[in-house]
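Note sheet for the following structure.
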Amino acid sequence: MKIERPRGTRDFLPEEMEKRRAVEKVMRRIAESYGYREVMTPTFEHSELFKIKSGEEIVKEMYVFLDKGGREMALRPELTAPVVRMFLDCCEVLPKPLRFYYFSNCFRYERPQRGRFREFWQFGAELIGSNSCLAEAEVISLAYEILKALKVEFELKIGHVGIMRKVLSGIENSEKIMHLIDKKDVENLLSEMERLEVPKDVREKVLMLMDLKGDLSILEDVKIEEADRLKKLAEVLEDYKVKYKLDLGIVRGLDYYTGVVFEFYSEKLGAQKQICGGGSYELASLFGGKETPATGFAIGFDRVCEICEVDLEKRVKVVVVSFKETYSKAIEIAKKLREKDLIVIIDVMDRSVKKQLSFANDISADFALIVGGRELEAGEVLIKNLRSGEQFGVKISDLSPALFVK
RNA sequence: GCCCGGAUGGGGUAGCGGGAACCUCUGGGACUGUGGAUCCCAGGCCCCGGGUUCAAAUCCCGGUCCGGGCCCCA
């Protein structure tokens with residue numbers, strides 16, 4: 001019986017890994033250029049951590065298990081909660097603000113489909129300790145620059161939970177309304193507001209705000225304090241040269257969001273269009289720590305990999321071709337060339353010269369270095385350019401990486 | 001959790017009640033010191049379990065996995 005890969009997981013072959021690593025490298029470099037430093041948290045946490053953040057129901061969507069001590073654990077379904085937990089465990093006294101980034105795999109027990117897997121990767125950043133719109137703008141700019149550097153085509157939508165919350169303040173059970181607003185489910189929204197006996201002026205305001213989309217000017221007539229915050233944020237984003245679209249219909253029902261919320265979308269994917277999401281939140285006090293404002297985002301790494309373009313690092317690949325009687329010399333030469341940063345591959349199948357060259361061709365090597373007995377007598381080896389077919393002898397003492405330039 | 005479609009050598013496909021075929025691939029050889037072409041030899045498959053039938057890759061049921069969508073999306 002063959003053992004199969006678990007549902008919703010993937011194997012990555014070298015070609016794909018090379019792209020993923022290249023993408024990862026771009027993300028890291030940009031995050032670091034903003035002063036963000038990498039952190040890493042455990043693959044699993046007490047399931048309680050995620051329940052506190054997202055509610056009891058998410059247990060259904062998590063990989064939960066009891067450890068041998070009977071503790072209930074969960075494979076992390078996301079990284080914001082663990083990072084905040086880590087912050088409370090050991091970083092509360094570090095100079096604020098803290099700038100962290102992370103890149104790790106996460107696990108969710110969901111029905112897989114395009115762009116959605118049970119094991120997936122998130123790249124994200126959290127700026128902890130500031131609640132200013134300058135902090136929010138920086139975080140948005142970081143996500144924006146990363147996606148731009150990867151040549152992703154996207155749309156950035158920015159909203160603010162405070163505005164809608166203000167309008168709905170005093171209305172009981174407003175989470176459901178917020179949820180329906182986020183879903184853009186107008187029909188059910190109307191009936192729900194009717195059921196909750198929401199005053200007419202509030203209903204009209206909700207519907208009006210929901211449809212407000214566009215640039216700064218849409219906020220002109222919104223006379224709510226929180227709108228001024230969004231306005232200020234928008235102004236700073238102009239300085240960052242970030243192109244965005246305000247959308248007050250983006251809300252999010254969860255209580256820990258405190259202000260700005262934003263989402264990046266790409267039309268190149270299927271049903272799972274969102275490639276990045278984030279916002280300002282206050283989780284520290286939920287987890288039993290001192291109230292601490294923070295802003296962060298998480299990029300769906302797998303989705304971005306599907307639609308982005310990166311330059312792959314090209315290292316010169318050389319196959320050292322040898323004969324039985326020259327094999328030990330070939331190893332010696334291969335060793336030297338590897339130290340000079342070339343990729344050097346040597347036969348381990350006791351193959352004929354023909355097969356070794358054929359193999360070099362199959363793996364798209366750039367050069368073959370033929371270590372032959374006749375040439376060795378003159379202290380030489382042959383370098384063959386596998387693209388052009390050109391071949392010439394060179395003294396072993398003169399072997400330098402410069403000879404292997406495509 | 002729900003709906004639709006699918007699963008045939010390592011990869012891509014044909015067959016859709018009665019001989020499992022093709023392309024590619026992998027290893028070796030023709031050619032024992034020179035790759036890409038050609039030819040030869042070898043390797044390996046009907047997703048799993050049950051049922052119908054004289055006979056199942058083929059029809060039926062259940063499961064697993066994949067793809068698309070719904071729900072969800074922290």
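Every chain is numbered from 1, with letters handed out A, B, ... down the list of sequences.
- Using cut-offs of 30° and 60° on the angle between ring planes, the pair Tyr144(A) and Phe264(A) is tilted.
- U58(B) makes up no base pair with any nucleotide shown, lacking Watson-Crick or G-U wobble contacts both under 3.5 Å.
- With hydrogens and angles disregarded, no donor-acceptor distance shorter than 3.5 Å links the side chain of Arg229(A) to the backbone of Gly162(A).
- Each of Arg108(A), Arg85(A), Lys53(A) was scored for a salt bridge (charged side-chain N to carboxylate O under 4.0 Å, His left out) with Glu78(A), with one residue passing: Lys53(A).
- Among the nucleotides A74(B), U34(B), C72(B), the one closest to any side-chain atom of Pro77(A) is A74(B).
- Both Ser352(A) and Leu382(A) lie close to RNA chain B; mapped to their nearest nucleotides by heavy-atom distance, the more 5′-ward contact belongs to Ser352(A).
- Separating the CD atom of Glu390(A) from the C1' atom of U34(B) is a distance of 15 Å, rounded to the nearest angstrom.
- Within a 6.0 Å radius of CZ in Arg21(A), other residues, nucleotides and ligands contribute 12 heavy atoms or fewer.
- Nucleotide U34(B): unpaired (no Watson-Crick or G-U wobble partner with both distances less than 3.5 Å).
- Among the candidates Met62(A), Glu45(A), Gln122(A), Glu61(A), the single residue satisfying the side-chain contact (heavy atoms from CB on, under 4.5 Å) test with Pro77(A) is Met62(A).
- At the heavy-atom level, Lys51(A) lies nowhere under 4.0 Å from the strands shown.
- A donor-acceptor contact under 3.5 angstrom links the side-chain atoms of Arg108(A) to the base of A74(B).
- Using a 4.0 Å cut-off, some side-chain N or O of Arg7(A) falls inside it from OP1 or OP2 of C66(B).
- With distances taken from any side-chain atom of Arg111(A) to the nucleotides C73(B), G69(B), U34(B), the minimum falls on G69(B).
- Atom CD of Gln272(A) is separated from atom C1' of C73(B) by 7 Å (rounded to the nearest Å).
- No hydrogens or angles were tested; on distance alone, nothing pairs the side chain of Lys354(A) with the base of U34(B) as donor and acceptor under 3.5 Å.
- The CZ atom of Arg114(A) sits 16 Å away from the P atom of C66(B) (whole-angstrom rounding).
- The base of U34(B) is paired with the side chain of Gln391(A) by a donor and an acceptor separated by under 3.5 Å.
- Distances shorter than 4.0 Å separate some side-chain N or O of Arg351(A) from OP1 or OP2 on G28(B).
- For the C1' atoms, the distance from U13(B) to G62(B) is 28 Å, rounded to whole Å.
- Comparing G35(B), A74(B), G33(B) by their closest approach to the side chain of Ser358(A) singles out G35(B).
- With hydrogens and angles left out, the side chain of Glu375(A) and the base of G33(B) share a donor-acceptor pair within 3.5 Å.
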